[in-house]
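Shown next, in structure tokens, is the structure this report addresses.
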Amino acid sequence: MVFQQQLRIPGPTPLPERVVRAAARPMVDHRGPEFSALLTTVTSGVQRVFGTANPVLVLTCSGSGGLESAIANLVSPGDRVVAAGCGNFGDRFGTIAAAFGADVVRLEAEWGEPVEPDDLARVLEAHPAARVVLLTHNETSTGVLNPLAGLVRVSREADRVVVVDCVSSASCVEVEVDRLGIDVAITASQKGFMAPPGIAFVCVGERAWELAEHSRSPRFYFDWRQARRQAEQGSTPWTPAMAVLYAVEEGLRMLDEEGLERVWARHRRLARAVQAGLEALGLPLFAAAGHRSPTVTSALPAPGLDVGTYRRLLRERYGVVIGGGQGRMTGRLLRVGHMGAVADGDVVQVLWAMEQALEELNVAPADGRALRAAAPHLTPEAAAAAV
Ligand SMILES: Cc1ncc(COP(=O)(O)O)c(C=O)c1O
């Protein structure tokens, strides 16, 4: 009997009990003072997460809507844009730009590898007319954390406007918007903020505002100028997903209580535990060493292991839900999310279940190897309980 699912996909992430309760609060007037106070609390929390003084726009949509808003506000039809990606989400960002009539130059690293700053510098040099560069911080489909500082540096040196998809990194991994000089950073409620899906946050710097003023792309719902004007009055242009904002407010409170640096350290440590556990299970890690994501670990299936069968068994027998591959890696990859509300005990449960299920499928014996390998990265209490 499975009583509660262990949601270990890379978003939406599990909701802490207090976040669920916050989301269930009664509605207020979205043009009234309570909402205005909520908006201020949430946007200043997101500014802290992003390390920025730039305004944060609150859009009611998922992360993809936030990405689309950047294209709709910055890119005019016919503009050349560089899209540097290394997986499904980077690909999609370029595809959104193409849908808005941009002339998209794609720099695509091999899946499992990061985008290299030197390669980006070469592409930028070859395309001086491309004003906008699209980057993905954490490529969720492959479990790769791109070298953001280097990518932003070469983009700024080439005087480009840098737009970064931080959907699956923000709050779990440091993103220093002002120090690095990121012009636009985008994230969403359902990942590191431990809230349900429904809100995208878009943090827009001065150079991007300038571009948005002059771009000729049609836009209405996602018009940043409208969102900024309304934010200055303490509201949003359209009815916002208020329950999600209540949840984000509580998620931010939890992040503040733990302390952002501790949150980032927890993600790095638990990622190492999951990586060690999966390797011990004979599931080869997919992302290149040195570039593995703190929020999602990707691994290839062991020989003879059917990804669909394995995921189904984990879900039905153990209540553990992990991700599969996306795009060209559909059916060929396992992805374990450790993003947002994740503790040592969660990692113990996931690795234990993954090991038991491999034995059930006659792939490898369950002799405790995953938890033994993970133990050095767990707290002493969790390690002692696990092995
Ligand atoms: C890196 C990245 N970008 C974009 C998205 C798309 O976000 P959404 O599904 O909220 O539209 C995701 C979702 O997983 C993501 O991980």
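Start at 1 and go down the list; that is how both ligands and their atoms are numbered.
Remark: ligand 1 atoms within the under-4.0 Å shell around heavy atoms of S168 are 1 (C), 16 (O). Counting the atoms of ligand 1 from 1 in the order shown, those under 4.0 Å from a heavy atom of Q190 are 8 (P), 10 (O). The distance from ligand 1 to the heavy atoms of N138 drops below 4.0 Å at these ligand atoms: 1 (C). Distances below 4.0 Å separate heavy atoms of T140 from the following atoms of ligand 1: 1 (C), 2 (C), 15 (C), 16 (O). Close approach to S62 involves these atoms of ligand 1, each under 4.0 Å from a residue heavy atom: 8 (P), 10 (O), 11 (O). Near K191, the atoms of ligand 1 lying under 4.0 angstrom from a non-hydrogen atom of the residue are 13 (C), 14 (O), 16 (O).
Residues satisfying the side-chain contact (heavy atoms from CB on, under 4.5 Å) criterion with A149, sequence neighbours excluded, are L180.
Between E210 and R207 there is no salt bridge, since no side-chain nitrogen of the basic residue lies less than 4.0 Å from a carboxylate oxygen of the acidic one.
What sits closest to atom 6 (C) of ligand 1 on the protein, heavy atoms only, is S64 OG, 3.4 Å. Looking at atom 12 (C) of ligand 1, its nearest protein heavy atom turns out to be F89 CE2, 3.3 Å.
Between D165 and ligand 1, an N or O atom pair is found at a separation short of 3.5 Å. Backbone and side-chain nitrogen or oxygen atoms of V167 are examined, and none is located within less than 3.5 angstrom of a nitrogen or oxygen of ligand 1.
Between the CG atom in L283 and the CD atom in E279 there is a gap of 9.5 Å [rounded to 0.5 Å].
When only modelled atom types and interatomic distance are considered, Y318 and E360 share a side-chain donor-acceptor pair under 3.5 Å. S215 and S217 are not linked by any side-chain donor-acceptor pair at a separation below 3.5 angstrom, with hydrogens and angles left out of the test.
For S235 (side chain) and R31 (main-chain N/O), no donor-acceptor pair under 3.5 Å exists by modelled atom type.
Through ILVMFWY side-chain contacts below 4.5 Å, V104 is grouped with nothing and stands alone.
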